[in-house]
Amino acid sequence: MERIQEILLRHRENAIEETTPLPEKFPKFLTSPPYRQTEYYTGRKGMSESLQKLIRNGTPCFLHGIGGIGKTEIAKALMMDILKIPSSQSGITRIAWVEYTDGDFALSLVRAFFPSSELQNMEQEFQKALSLINQYRDRLLLILDNVENAKGRTDYRTTAKTFPCLWL
């Protein structure tokens with residue numbers, strides 16, 4: 001985890017301001033979208049609205065609990081709501097859905113952003129993912145799913161502070 005934070009800080013310091021892309025009408029995916037939301041998802045509209053307000057204010061949000069209680073479905077509902085809001089109102093132009101896999105955050109990012117990559121040079125692929133995140137900064141909503149599968153105790157609140165994007 002320290003290595004990831006070290007790379008993030010170094011990348012952040014060395015990042016060159018890129019020109020801001022023209023705003024999109026509605027948010028678009030930088031990664032593959034998640035599988036469809038279950039048809040039985042009901043009764044959590046208030047939670048989605050509360051999370052949306054927090055995220056739009058720049059507050060990193062973390063859904064936690066045991067597997068199977070609906071964290072992913074809440075995240076998908078929030079994502080679907082944000083996709084319906086014009087970027088000019090939400091401030092979000094891009095969404096990245098990242099499946100946390102193999103106990104490795106950097107690998108999870110690379111697999112989400114570059115799914116067909118052969119991972120010849122992990123460091124280089126990770127730097128490219130960071131460049132994309134830095135390009136969109138607070139106009140990017142990064143949704144990290146299945147973190148309960150993490151081995152050990154990673155504090156993603158600390159990690160979130162090193163990224164310039166919005167977190168769920």
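- The CG atom of Leu142 sits 14.0 Å away from atom OH of Tyr136, with the distance rounded to the nearest 0.5 Å.
- The two residues Trp97 and Ser32 have their closest heavy-atom pair at CB-O, 3.9 Å.
- Asp81 contributes atom CG, which lies 10.5 Å from atom CD1 of Ile55 (distance to the nearest 0.5 angstrom).
- Follow the hydrophobic side-chain contacts under 4.5 Å out from Leu54 and you never reach Ile82; the two are in separate clusters.
- Among residues two or more places apart in sequence or in another chain, the side chain to side chain contact (heavy atoms under 4.5 Å, CB included) test is passed with Ile85 by Gln52, Arg56, Gln89, Ser90.
- Interatomic distance, CZ of Phe26 versus OG1 of Thr93, reported as 13.5 Å (0.5 Å rounding).
- The distance from atom CG of Leu140 to atom CG of Leu166, rounded to the nearest 0.5 Å, is 7.5 Å.
- The main-chain N or O of Thr101 is found under 3.5 Å from a side-chain atom of Ser108 such that the two form a donor-acceptor pair.
- Here the closest non-hydrogen pair linking Ile92 and Arg94 is CG2-O, 3.4 Å.
- Between Ile143 and Met79, the shortest heavy-atom distance links the atoms CD1-CB, 4.0 Å.
- Both Leu168 and Met47 sit in one connected hydrophobic cluster of ILVMFWY residues. Membership requires side-chain heavy atoms under 4.5 Å apart, directly or through other members.
- Side-chain rings of Phe163 and Phe105 approach one another, their centers coming within less than 6.0 Å.
- Each of Leu132, Val98, Asp104 was evaluated against Leu109; a single residue qualifies, Val98, per the side chain to side chain contact (heavy atoms under 4.5 Å, CB included) test.
- In this structure, CD on Glu73 lies 12.5 Å from CG on Leu78, to the nearest 0.5 angstrom.
- For the pair Ser87 and Pro27, the tightest heavy-atom approach, listed with the atom from each and the gap, is OG-N, 3.3 Å.
- In this structure, Lys71 contributes its side chain and Asn146 its backbone to no donor-acceptor pair below 3.5 Å.
- Closest non-hydrogen pair, Trp167 versus Cys165, comes out as CD1-O, 3.6 Å.
- Taking CD1 of Ile74 as the start and CG of Leu63 as the end, the distance is 5.5 Å to the nearest 0.5 Å.
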